[in-house]
2 protein chains.
Amino acid sequence: MAATLRDVADRAQVSIRTVSNVVSGYEHVSEKMRERVTRAIDDLGYSPNPIARTLRTGKTGLLSLVVPEIDVPFFSELARAVIDEADALGFQVMIDQTGHDHERERQLLRSGARRNLFDGMLFAPLATQDELSDLEASDTLPLILLGEHVFDGRFDHVAIDNVQAAHDATTHLLERGRSRIAAIGAQPKETYATPLQRSEGFRLALEEHGLEPVTALQMDAPHYGRADGYAAATALIEQNPGLDAIFCYSDLLAMGAIRSVFDAGLRVPDDIAVIGIDDIQEGRFSRPSLSTVSLDTPYIARTAVERLAARIEDPDVPANEVIAPHELIPRESTQG
Amino acid sequence: MAATLRDVADRAQVSIRTVSNVVSGYEHVSEKMRERVTRAIDDLGYSPNPIARTLRTGKTGLLSLVVPEIDVPFFSELARAVIDEADALGFQVMIDQTGHDHERERQLLRSGARRNLFDGMLFAPLATQDELSDLEASDTLPLILLGEHVFDGRFDHVAIDNVQAAHDATTHLLERGRSRIAAIGAQPKETYATPLQRSEGFRLALEEHGLEPVTALQMDAPHYGRADGYAAATALIEQNPGLDAIFCYSDLLAMGAIRSVFDAGLRVPDDIAVIGIDDIQEGRFSRPSLSTVSLDTPYIARTAVERLAARIEDPDVPANEVIAPHELIPRESTQG
DNA sequence: TTGTAAGCGTTATCAC
DNA sequence: GTGATAACGCTTACAA
């Protein structure tokens, strides 16, 4: 069915080697040959088999992007940027979803079967340090960790300063005169780095303003979806009449929280100000528009893909950690 | 570095054939052999090279999902379902974005290089009939078209009844007593099927209620994003004081339109009712929550992946077209 | 039940 | 500058 190098060679009456040279743009091919081969290629509608090429070269041109769920806006926006960046560098991107499954993340990290299928992996995990701790850098395919800010010299990171981001968001609320501030997004049992760091930033900001973090005002959120934000905010409002602000660890939590405030008959930001983290597109057109801390997904994607490409090129480049910039974006949900 | 079948065979003192048998779960292997081989596999940390396997078998286990933009909620929600379904059937999913680029869609449809990399392709296009018209089913890898409702016996479709969906949305507005109804989402130049069909459904519903579609009330939208909805609605409101409802061809357009209504100092649904199509998650927590026509993405994904798997199994199964169900979901944005 | 060997479509190492 | 030919790691006739 599909034509092979051999078919082209036969038709052009040249050796398979010459055809390969033409296809891969080798310089030293005579004009005559090149033309003859090109014609045969067109006649037969030949295109090279990437699988065979890969078996020979070891390079697939495929990257793996691992995210919890692709339909979470932050991750789909990240994926978009990653795919575009990868495309620019000649890579295609496979998406794996871990669905908040710790075990699945673990598996993906060490599944050797993937070594040969992918040139590298971009990992945006809930992952904890312990998931990586018993992993040698040499055990995995070229790997870039996204988002998590874990101090570990062995792997490349493109991280976010979660402590500072949470601190900035909380400080913004404080500066707007709010003092009974709740936080939504701590994780119940797991020791994921991101929520811990955001809790830390929240606490720090309060203390800087001479406030003591009140345990009752810190709500867990099993996931970071709208429904989780809604449920947590509903409980908070019911139990804390004086509440005047909510800091959510993600924009999606914030969207749910805002809806909950209104369903409780209160207003955002007049009664309760709400701020998130991520700066997903949804928050720019929502009502009220969502104040947030913008994480620079294009920067994260570009840096990560470039870094990964470099590591694929040379596996021995020392691991480094880049902290992506973030920026407070005040919008209506805190302008009260 | 990575161990091969040969290495395992050497270590277990058996032939490569026996190792292969064990790895691929062949039945007739003696217990003794199986154990010896298994031990060697563990010792060496062997896992089979999927690329080599593919070169031999012709099956990659990879599917290609082509969408305009993965960060558009409808497509990320679809992708999530597709990836999950594919996973259940042992496939992994590669994502390609066409970025509304007609030429790129064309390319992806006929790029022969992909024939060997993917077992099949799920295509959620802006695609027009003419993009497919000069394409033989045998030219492409196994292909399922998503969303477009094009009558063409050559390709498998999992389609939406766009005419009926638009009709239902419009009728809902009419039944709520609205009569000066605008529509946002027609496409300027291109002859994409989806907008044409939705325009048709809009027109039909109006006529059934004895109303004449007014050209001035039908707005183009270059893309289907929030910003496009915002811009179109703003223009509509400015030029049509009596407007009492807007039917948007997508939920994202509707989110932008709603914001625009409020920025104009009017209320949804009191002054202007708004309805969309898609039923993205965002619309369930927005304020007001968004009335919409729900497209059953899990159904679409499941049907499409199953169908594709069947076609990969047997390329000669006749093409068929499935119409995915849709359902009107009345929410706050039309309850005035 | 297990071993031997051919071949999937490339690239790359030799010669010439 | 071009032609044979040996891998890449696997599956699968065909033998034994």
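Below, chains carry the letters A, B, ... as their sequence lines are ordered, and counting in each starts from 1.
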Note: A/R80-A/D84 ion pair, threshold 4.0 Å (strictly below): yes
Main-chain N/O of A/I70 paired with A/Q97 side-chain donor or acceptor, under 3.5 Å: yes
Straight-line distance of A/S47 OG to B/R110 CZ, nearest 0.5 Å: 13.5 Å
Backbone N/O of B/L117 and side chain of B/T60: donor-acceptor pair under 3.5 Å: yes
Distance in angstrom units between B/N49 CG and D/dT11 P, rounded: 10 Å
Any N/O donor-acceptor pair, A/R56 side-chain to C/dT10 base, under 3.5 Å: no
Selected nucleotide, minimal atom distance to A/S30 side chain, candidates D/dG1, C/dT10, D/dC10: D/dG1
Nearest-angstrom distance from the residue atom NZ of A/K59 to P of C/dG9: 24 Å
Expected output: side-chain B/R311 to main-chain B/P142 donor-acceptor under 3.5 Å: no
Among C/dT2, C/dT11, D/dT2, the one nearest A/R53 by side-chain distance: C/dT11
Presence of salt bridge, B/D101 and B/R106, under 4.0 angstrom: no
Sugar-phosphate, base or nothing in reach of B/P50, heavy atoms under 4.0 Å: nothing
Pair B/Y26 + B/H28: ring centers closer than 6.0 Å: yes
Closest-nucleotide ordering on DNA chain C, the 5'-leading residue of A/I51 and B/M33: B/M33
Under 4.0 angstrom between A/T54 side-chain N/O and D/dC8 OP1 or OP2: no
Note: B/D119-B/K59 ion pair, threshold 4.0 Å (strictly below): no
Integer-rounded Å distance: D/dA6 P and A/L55 CG: 17 Å
Interface residues of residues 5-25 of chain A with DNA chain D (non-hydrogen, below 4.0 angstrom): A/V14, A/S15, A/I16, A/R17, A/T18
Degree of bending, the helix from C/dT1-D/dA16 to C/dC16-D/dG1 (end axes from five pairs; round to 10°): 40°
Rounded distance (Å) that lies between atom P of C/dA12 and atom NE2 of A/H28: 15 Å
B/D156 side-chain N/O to B/N320 backbone N/O, donor-acceptor pair under 3.5 Å: yes
Selection from D/dT11, C/dT2, C/dT10 that lies nearest to any side-chain heavy atom of B/T57: D/dT11
